[in-house]
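To keep things clear, I will list the structure first and then write my remarks on it.
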There are 2 protein chains.
Amino acid sequence: MVGPRYRQIAEDLRDQIELGTLAPGDQLGTELELQERYNASRNTVRDAVKWLIIRGLVETRPGQGTFVRPEIVPFVTTLTGDPQAGRDGPIYLSEVAASRRTPMGSHPRVEVRRADAWLAEALRAGADTTVVTRHQRRFIDGTPWSLQTSYYPMNLVERGAVGLIQASDLEEGTVEYLRQKLGISQVGYRDTVTVRPPDNAEADFFRLPDDGRVAVIETRRTGFGADGAPFRVTVSVYPADRNTFAVNVGVVPGEFADPPAASTGPAVGTEADAGRV
Amino acid sequence: MVGPRYRQIAEDLRDQIELGTLAPGDQLGTELELQERYNASRNTVRDAVKWLIIRGLVETRPGQGTFVRPEIVPFVTTLTGDPQAGRDGPIYLSEVAASRRTPMGSHPRVEVRRADAWLAEALRAGADTTVVTRHQRRFIDGTPWSLQTSYYPMNLVERGAVGLIQASDLEEGTVEYLRQKLGISQVGYRDTVTVRPPDNAEADFFRLPDDGRVAVIETRRTGFGADGAPFRVTVSVYPADRNTFAVNVGVVPGEFADPPAASTGPAVGTEADAGRV
DNA sequence: AACGATTTGTTCGTATGTATC
DNA sequence: TGATACATACGAACAAATCGT
């Protein structure tokens, strides 16, 4: 009934955290102190702390101690909005700025390559399709916030949308750019939201500690043109513990209104190493 | 540059999994075998396995061994749809059945209690508001799939919607019931999607192993009436590794169409212990 | 049903490395 | 530079779950 020792210690500490006896930012006590307090070995105490880490309640800092994690104010990304507008252009910047945080995005890294199986299917194209990928890293208030990669069929470039293969921002956003250039209008899109563990590159970029609370949210947006065919796919990856997504359907009160279709915000600086990407 | 020993072992095993040398369901090898293969101590090997567990790549079964996790086909829940329809009635059942899986839901457990701070704010009510809570557990193909709790202001009952405080299913769904009974029409709703660690009850219900890959997705739906005021909040919790959410905006091709507003499906059985809840 | 072999889970002890102040 | 605190690694013993005989 009582369960293993490390679990008892962990739940006792968890109760103290939830009751507020241990406040966010407080030190849990050193491993030595916990050993003596609970009369357990160091490894058992460490197992208890690991249990708390996995549940996101505490974090350890080498050389300093173990601390109760401060509550994070998540950034809310609204998935619904005007289908005529993209998410890769000024929208993102204005949406973030509206929450009084400071957005930054790297210049896109552009590559041309063969589509994977899932991408070819998402674009309803053959397995040998060539795509343009535009990859961007985004920051809010200086902390890494999302990795975003958009995929466009190469034939859009052949039809004249040469801006897609230039490693510079399209100030209007690529969705607007494609409408102006090729007359392709995004009449709708479909997002899917999944949660998965990060790969090494993501864990590194988001500075996810190697210990536990590791999960990222992946959103995939497929944009459809007036002919009902998909013409772009955007994959965005976010750290799970700093983000919330919102969906508005029907009539919702004004304070939750979907983001504006056009930006009026000022130009926003890009990250310091933008030239490198 | 090489990093710790357990990490090297873990990444070597991960590579074998991703390359297919180790297929889903395969045994990784016993701890003793891994000790000898990598010339490391048992605890170091166990640390490597823990790293893989946290990333969802393997699972351990006491007395049996460590196995590569089979790929899970996520169930897709569409968040967009007809605001006139709820998600707690026949919609859920028909949506699941449409994917050729077998849905089951417990009868609701009904309670009347004081609203917490966040709930009072979500309902735009005073801190001392009384609410009706209707809690349901849902299963798909016999495995626990979601925990759902809906909150309604108690004054809806006083105005005549007595069905809300009865522990039986409202076959039409509560949204439709409220429209028929009180003329309250849900003209819109707002969903928020967040990821967090499970509490004990959730870990128990979803049978989340105590070891690692523990995360749940919480969706909160606030329904708004024609007057723009919220009249219900539904909180749903899902295991993160078995679920995907979809959002359709604008015109999307038919195969992704939002769920129907009304169900034509047959009556579906409830879980065995439905009488107990 | 009982037992033994196998395999993972828990707990302790100890030593050394690395980060921080 | 030293002291403190967490990270890594090894060894050992017993417990608990599983499976085949």
Side-chain angles (χ1 to χ4, degrees), chain A residues 1-14 22 25-69 203-204 207-214, chain B residues 1-14 22 25-69 203-204 207-214:
Chain A
M1 180 55 229
V2 283
R5 190 98 181 80
Y6 76 90
R7 182 77 183 267
Q8 298 172 33
I9 298 172
E11 304 215 352
D12 184 65
L13 290 167
R14 181 205 56 190
L22 287 165
D26 280 2
Q27 186 168 8
L28 230 58
T30 69
E31 291 172 348
L32 186 59
E33 286 169 357
L34 295 177
Q35 278 183 61
E36 291 164 353
R37 188 185 316 165
Y38 292 104
N39 190 31
S41 77
R42 184 171 170 229
N43 283 333
T44 301
V45 167
R46 280 178 62 79
D47 281 345
V49 171
K50 268 178 210 156
W51 192 89
L52 295 169
I53 289 175
I54 285 177
R55 278 151 189 78
L57 296 174
V58 306
E59 65 188 356
T60 56
R61 298 201 278 270
Q64 299 189 50
T66 304
F67 302 88
V68 180
R69 284 232 294 168
D204 184 56
R207 302 195 200 112
L208 297 176
D210 197 43
D211 43 28
R213 67 176 181 306
V214 287
Chain B
M1 182 55 234
V2 283
R5 189 99 180 78
Y6 77 91
R7 183 77 184 266
Q8 297 173 34
I9 298 172
E11 304 216 354
D12 184 65
L13 290 167
R14 182 205 56 188
L22 287 165
D26 280 2
Q27 186 168 8
L28 226 59
T30 69
E31 290 172 349
L32 187 59
E33 286 169 357
L34 295 177
Q35 277 183 62
E36 292 164 352
R37 189 186 315 165
Y38 292 105
N39 190 33
S41 78
R42 185 176 169 219
N43 283 331
T44 301
V45 166
R46 282 177 61 78
D47 281 346
V49 172
K50 269 178 209 155
W51 192 89
L52 295 169
I53 288 174
I54 285 177
R55 278 153 189 78
L57 296 174
V58 305
E59 66 188 355
T60 56
R61 298 201 278 271
Q64 300 190 69
T66 304
F67 302 87
V68 179
R69 284 231 297 171
D204 184 57
R207 299 194 201 114
L208 297 176
D210 197 45
D211 43 28
R213 68 175 180 307
V214 286

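Naming: A, B, ... by sequence-line order, numbering from 1 per chain.
For B:Ser41, the listed nucleotide lying nearest its side chain is D:dG11; candidates were D:dC6, D:dG11, C:dT11. The side chain of A:Pro4 has C:dT11 as its nearest neighbour among D:dA5, C:dT11, D:dT8. You'll find that the side chain of B:Arg46 is closest to C:dG9, out of C:dG9, D:dC6, D:dC10.
Judged by distance alone, with hydrogens and angles left aside, A:Arg42 brings a side-chain donor or acceptor within reach of the base of D:dA7, the pair sitting under 3.5 Å.
The OG1 atom of A:Thr66 lies 9.5 Å from the CD atom of A:Glu59; values are rounded to the nearest 0.5 Å.
Among all heavy-atom pairs drawn from B:Gln64 and B:Gln27, the shortest one is O-NE2, 3.4 Å.
Backbone-only contact: B:Arg61 has heavy atoms under 4.0 Å from sugar-phosphate atoms and none from a base.
When each of A:Arg5 and A:Pro62 is assigned the nucleotide of DNA chain C with its nearest heavy atom, A:Arg5 is the one assigned upstream, toward the 5' end. Comparing A:Asp47 and B:Glu33 by the nucleotide of DNA chain C whose heavy atom lies nearest to each, the residue mapping closer to the 5' end is B:Glu33.
Of the possible polar contacts, none joining the A:Arg61 side chain to the A:Phe67 backbone as a donor-acceptor pair under 3.5 Å is found. No side-chain donor-acceptor contact under 3.5 Å links A:Arg14 to the backbone of A:Trp51.
The phosphate of C:dT6 (OP1 or OP2) has no side-chain N or O of B:Gln64 nearer than 4.0 angstrom. Contact annotation: A:Thr44 side-chain N/O to C:dC12 OP1/OP2 distance is under 4.0 Å. For the OP1/OP2 pair of D:dC6 and a distance below 4.0 Å, the side-chain nitrogens and oxygens of A:Thr66 include at least one atom meeting the criterion.
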